[in-house]
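What follows is a single structure, written as structure tokens, with notes after it.
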Amino acid sequence: METSSSTYKKQTLGLASLIFFVVAAASPLTGLVGAMPIAILEGNGAGISGIYIISGLILLIFSVGFIAMSRYIKNAGAFYSYISAGMGIKMGVTGLALAILSYVSIQIAIAAIFGLFTQIFFQEYLGFNLPWWVYTVLMLGVVCWLGIAKIEIGSRVLGILMLLEVGIAVLIAAIVVVKQGSVGALDLKPFTPSVVFNGNVGMALVFTVAAFIGFEATAIYAEECRDPERNVPVATVIAALIIMGFFAFCSWGMIQAYGSDHVQKVVADNPELFVFNIAESALGSWSVILINILLITSLFAATQSFHNNISRYFYVMARDGIFLPKLAKLHPTKDTPYISSICQTIFMIGLTVILALLGQDPLIDIFTWGSAITTMSILLLEILVSISVILYFRRRSELNIPHWKARYAPFLAAILMSVVLYLVTMNLDILSGIKTKVIYLVPILVFGSAIAGYLYAVILIRFFPSGMSKLNRVVEEA
């Protein structure tokens with residue numbers, strides 16, 4: 001029987017907190033300022049707004065099976081637990097290896113550019129300069145404290161920051177739409193098939209699907225939320241709709257400033273300033289400063305969310321007997337996995353310092369590589385989860401889950417995710433910005449990590465049968 005030191009305190013999170021964690025992980029403002037202009041330029045131009053909707057629909061199709069399974073699997077391991085329940089412990093540990101790789105990669109990527117943008121902001125507006133990695137290390141320390149202090153504090157901070165960054169972006173887009181609409185010049189071409197499916201649609205999908213990274217966060221908190229059977233499914237759908245609506249509306253609104261026929265050329269002239277120029281025109285120069293601040297806070301919020309995800313994965317690994325047992329210890333008063341939080345923070349700080357000493361650029365090197373690794377890992381995880389849903393409910397026909405939830409939607413999701421994964425792999429040089437063949441080491445790392453996870457499970461079964469027996473009981477009880 002588990003002791004109180006390794007069991008989460010129940011019913012501490014509400015519906016709003018779950019939604020905040022997912023949307024914050026998507027880092028909306030970062031995706032809009034950084035990824036959206038590149039998606040326009042390298043992808044399908046003005047049709048990017050329609051592609052955001054298509055990507056959202058793909059995730060919603062995936063969520064059908066995901067939600068159906070969430071009613072029976074209430075475990076902080078999320079994807080790991082789902083894959084274990086459907087495909088067995090070995091594949092579950094495979095999924096766990098992929099999940100950890102993806103979240104570590106995206107956290108170091110986000111933390112690095114946080115340091116870069118903070119360095120630029122303080123140098124430009126306050127006149128003093130410190131190395132980017134100093135800001136990153138300080139931020140990681142604050143994130144660790146918030147993660148330990150109590151999860152409600154983290155969700156409250158994330159919620160405020162998320163509302164601010166979403167609000168300023170929506171306001172800018174709305175002002176442009178109202179301005180263009182007042183003279184009868186609204187352009188609906190970004191949603192028409194001829195524009196949406198023009199240009200490099202595959203490249204556009206790569207960037208838009210990446211906007212939904214962190215989608216599983218609702219299930220990660222299933223053990224900590226109130227009424228998980230209701231809140232996890234509802235939060236999953238609402239978060240996906242918010243992310244889809246935000247990017248579709250804001251991209252469409254900003255395209256109105258130049259029109260579908262000219263926006264790609266405008267972006268090509270200066271992609272990094274595309275959103276800032278529109279903001280200055282719509283609201284004035286003060287908005288540029290505000291967006292810079294909110295961009296920094298957006299990166300902080302995303303780091304906080306990924307930190308919490310990683311902590312809970314380590315917690316589950318330790319609790320289920322496949323990693324260091326001490327990581328399963330919870331704070332005596334806060335009921336958070338504080339040992340896990342501290343250990344992963346030490347690791348991230350060490351990795352940051354090493355990369356800085358090696359002269360790695362936070363944007364060109366760390367962020368691009370981290371993003372590429374994460375996108376591939378998450379897509380592969382979602383494919384495995386979709387397959388697991390089908391297998392899980394096939395063995396449990398007595399549950400009487402409708403076939404469209406238990407078979408058809410997960411099968412379609414697996415096919416669609418496989419197509420997107422293929423497109424990501426074929427366009428890694430554009431996605432990462434690295435134009436040499438060395439970028440194709442990323443698929444080797446991703447699939448190699450999956451194989452390593454499987455082999456690790458085989459070793460556990462061979463040499464630590466008691467630990468594996470516990471894991472099997474966890475899956476059976478779930």
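Every heavy atom of this structure was used, including side-chain atoms; hydrogens, water molecules and symmetry mates were not.
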With heavy-atom distances below 4.5 Å as the criterion, would you say the side chains of [X] and [Y] are in contact?
{"X": "N292", "Y": "I296", "value": "no"}
{"X": "M36", "Y": "Y52", "value": "yes"}
{"X": "L140", "Y": "Q107", "value": "yes"}
{"X": "V170", "Y": "C250", "value": "yes"}
{"X": "W404", "Y": "V64", "value": "yes"}
{"X": "L355", "Y": "D365", "value": "no"}
{"X": "F247", "Y": "F207", "value": "no"}
{"X": "I83", "Y": "T94", "value": "no"}

Please find the pair of heavy atoms, one from [X] and one from [Y], that lie closest to each other, and give the distance.
{"X": "I48", "Y": "A204", "value": "CD1-CB, 3.8 Å"}
{"X": "E165", "Y": "P28", "value": "OE1-CD, 3.3 Å"}
{"X": "R395", "Y": "A85", "value": "NH2-O, 2.8 Å"}
{"X": "I110", "Y": "F367", "value": "CD1-CE1, 4.2 Å"}
{"X": "W132", "Y": "P362", "value": "NE1-CD, 3.9 Å"}
{"X": "A169", "Y": "L32", "value": "CB-CD2, 3.7 Å"}

Starting at [atom1] of [X], measure out to [atom2] of [Y] and round the result to the nearest 0.5 Å.
{"X": "E382", "Y": "I58", "atom1": "CD", "atom2": "CD1", "result": "10.0 Å"}
{"X": "L29", "Y": "L164", "atom1": "CG", "atom2": "CG", "result": "10.5 Å"}
{"X": "I444", "Y": "F447", "atom1": "CD1", "atom2": "CZ", "result": "11.0 Å"}
{"X": "L241", "Y": "I19", "atom1": "CG", "atom2": "CD1", "result": "10.0 Å"}
{"X": "M139", "Y": "I349", "atom1": "CE", "atom2": "CD1", "result": "10.0 Å"}
{"X": "I451", "Y": "L455", "atom1": "CD1", "atom2": "CG", "result": "7.5 Å"}

Are the side chain of [X] and the backbone N or O of [Y] linked by a donor-acceptor pair below 3.5 Å?
{"X": "T375", "Y": "A372", "value": "no"}
{"X": "S49", "Y": "W252", "value": "yes"}
{"X": "N44", "Y": "V201", "value": "no"}
{"X": "T374", "Y": "S102", "value": "yes"}
{"X": "D187", "Y": "S260", "value": "yes"}
{"X": "T136", "Y": "A111", "value": "yes"}
{"X": "Q264", "Y": "A46", "value": "no"}

Give the table of side-chain donor-acceptor pairs shorter than 3.5 Å for residues 407-425, with sequence neighbours excluded, one pair per line with atom names and distance.
from: S418; atom 1: OG; to: A414; atom 2: O; distance (Å): 2.7
from: T425; atom 1: OG1; to: L421; atom 2: O; distance (Å): 2.9

Would you call the rings of Y72 and F393 parallel, tilted or perpendicular, taking 30° and 60° as the class edges?
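Geometry flag for F393 against Y72: perpendicular rings.
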
Side-chain H-bond candidate by donor/acceptor type, S55 with T208, under 3.5 Å
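A donor-acceptor contact under 3.5 Å links the two side chains.
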
Can Q344 and S311 be counted as having a side-chain donor-acceptor contact under 3.5 angstrom?
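Yes, because at least one side-chain N or O of Q344 sits under 3.5 Å from a partner of the opposite role on S311.
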
Stepwise side chain to side chain contact (heavy atoms under 4.5 Å, CB included) test for F274 and I278:
CA-CA 7 Å; F274 176 68; I278 294 175; 3.6 Å; yes

Criterion side chain to side chain contact (heavy atoms under 4.5 Å, CB included) on L98 and L384, from CA distance to verdict:
CA-CA 11 Å; L98 286 170; L384 293 176; 4.1 Å; yes

Would V389 and F66 count as a side chain to side chain contact (heavy atoms under 4.5 Å, CB included) here? Give the steps.
CA-CA 7 Å; V389 171; F66 183 72; 5.8 Å; no

Residues, nucleotides or ligands: over 12 heavy atoms within 6.0 Å of F276 CZ
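More than 12 heavy atoms, drawn from other residues, nucleotides or ligands, come within 6.0 Å of this atom.
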
Under the side chain to side chain contact (heavy atoms under 4.5 Å, CB included) criterion, do I378 and F212 qualify, and how do the steps go?
CA-CA 10 Å; I378 290 294; F212 293 84; over 6 Å; no

Please confirm whether Y82 and Y392 have ring centers closer than 6.0 angstrom.
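Distance test on ring centres: not under 6.0 Å, no.
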
